[in-house]
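Below is one structure, written out as structure tokens; comments come after it.
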Amino acid sequence: MTLYHWDLRKRKRTGGKKVPYRGKRAYEMGRNPIETKIAKEKDIVEVVRVRGGGIKLKLKATGFVNVSTKDGRTQRTEIQGLVSNPSNMLYARRGIITKGAIVKTPLGNVKITSKPSISGTLNGVLISSRNA
């Protein structure tokens, strides 16, 4: 089902109905959010064509994160669990990863810096190390 981001069917301040003066437009169209989860298998990516002919890679599930350390190295590491998700406490309970979420890895806690539902990858920065 397609979502539309428009307000033509709202009511007046007095409570009366408004009559829409036109139909739906393609630029008002939206989609349901992709909620990236932790998976033990391979990455599950959905390719979506967007307006203008481009594509977006939507990451549905993953078990790995690309971690950047303070010395400039980047390494692909397994996700052990979700510590917290400041964007929504219910996301933390359900194990959904968004930008800003903190995940636990063998290297330490990692803060997610990419938007997995748009970029199709999961990148993060090491915020606390295991051996510190």
Side-chain angles (χ1 to χ4, degrees):
M1 182 175 130
T2 305
L3 296 174
Y4 282 92
H5 298 286
W6 64 324
D7 61 349
L8 291 177
R9 300 210 186 269
K10 286 188 177 176
R11 290 185 175 260
K12 299 179 193 176
R13 268 188 279 171
T14 58
K17 284 184 101 174
K18 279 187 182 179
V19 177
Y21 61 90
R22 62 172 175 80
K24 298 173 181 179
R25 299 290 191 259
Y27 61 81
E28 295 167 342
M29 201 164 40
R31 291 185 179 87
N32 291 323
I34 299 292
E35 298 174 337
T36 305
K37 298 194 175 195
I38 299 171
K40 295 298 177 193
E41 304 89 34
K42 59 180 182 162
D43 294 349
I44 302 169
V45 179
E46 180 182 339
V47 179
V48 177
R49 182 195 176 272
V50 295
R51 191 171 145 85
I55 61 166
K56 283 187 182 177
L57 300 174
K58 298 192 173 273
L59 189 63
K60 289 185 150 188
T62 185
F64 296 93
V65 59
N66 300 320
V67 179
S68 296
T69 57
K70 292 182 181 175
D71 57 354
R73 291 183 301 152
T74 302
Q75 159 179 1
R76 185 174 161 106
T77 313
E78 185 180 359
I79 297 173
Q80 294 176 338
L82 183 66
V83 176
S84 68
N85 194 336
S87 65
N88 191 339
M89 299 321 287
L90 295 176
Y91 280 0
R93 289 182 191 167
R94 293 169 53 200
I96 294 173
I97 301 172
T98 58
K99 182 177 178 177
I102 298 172
V103 295
K104 188 165 74 171
T105 65
L107 298 176
N109 288 346
V110 174
K111 184 173 185 177
I112 303 300
T113 57
S114 65
K115 293 184 175 180
S117 62
I118 296 174
S119 63
T121 60
L122 200 61
N123 301 324
V125 174
L126 191 65
I127 55 174
S128 67
S129 133
R130 282 270 183 208
N131 44 0

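The model shown is predicted, which means the values in this text are computed figures rather than measured ones.
In the hydrophobic clustering of ILVMFWY residues, with side-chain heavy atoms under 4.5 Å counting as a link, L107 and I97 come out together. Linking ILVMFWY residues whenever their side-chain heavy atoms come closer than 4.5 Å, directly or via other members, leaves V47 and V50 in distinct clusters. Under the 4.5 Å side-chain heavy-atom criterion for Ile, Leu, Val, Met, Phe, Trp and Tyr, F64 and L57 are members of distinct hydrophobic clusters. In the hydrophobic clustering of ILVMFWY residues, with side-chain heavy atoms under 4.5 Å counting as a link, L59 and I112 come out together. By the rule that hydrophobic residues join a cluster once side-chain heavy atoms approach within less than 4.5 Å of another member, I34 and L82 end up as members of separate clusters.
Listed by chain and number, the hydrophobic cluster partners of I44 come to none, as no ILVMFWY side chain reaches under 4.5 Å of it. In the hydrophobic clustering, V83 connects to I102, I127, either directly or through intervening members, whenever side-chain heavy atoms lie under 4.5 Å apart.
The OG atom of S117 lies 12.0 Å from the NZ atom of K60; values are rounded to the nearest 0.5 Å. If you take OG1 on T113 and NZ on K99, they are separated by 7.5 Å, rounding to the nearest 0.5 Å. Atom CD1 of residue I79 and atom CG of residue L122 lie 5.0 Å apart, to the nearest 0.5 angstrom.
Taking 4.5 Å as the limit, some side-chain heavy atom of R94 sits within range of a side-chain heavy atom of E35. Counting heavy atoms from C-beta on, the side chains of V110 and V125 never come closer than 4.5 Å. Q75 has its side chain out of reach of N66: every pair of non-hydrogen atoms, C-beta onward, lies at least 4.5 Å apart.
Residue pairs that meet the salt bridge (Lys or Arg N to Asp or Glu O under 4.0 Å) test with at least one member in residues 74-89, sequence neighbours left out, are D43-R76.
Panel note: side chain S84, backbone P86; no donor-acceptor pair is recorded below 3.5 Å.
For R31 and E46, the salt-bridge test fails: no basic side-chain N is under 4.0 Å from an acidic carboxylate O.
Surrounding CZ of R93 are at most 12 heavy atoms belonging to other residues, nucleotides or ligands under 6.0 Å away.
With sequence neighbours excluded, no residue forms a salt bridge (charged side-chain N to carboxylate O under 4.0 Å, His left out) with K18. For R49, there are no salt bridge (charged side-chain N to carboxylate O under 4.0 Å, His left out) partners two or more places apart in sequence or in a different chain. Among residues two or more places apart in sequence or in another chain, the salt bridge (charged side-chain N to carboxylate O under 4.0 Å, His left out) test is passed with R73 by D71.
Counting only N and O atoms by type, the side chains of S87 and T98 include a donor and acceptor under 3.5 Å apart.
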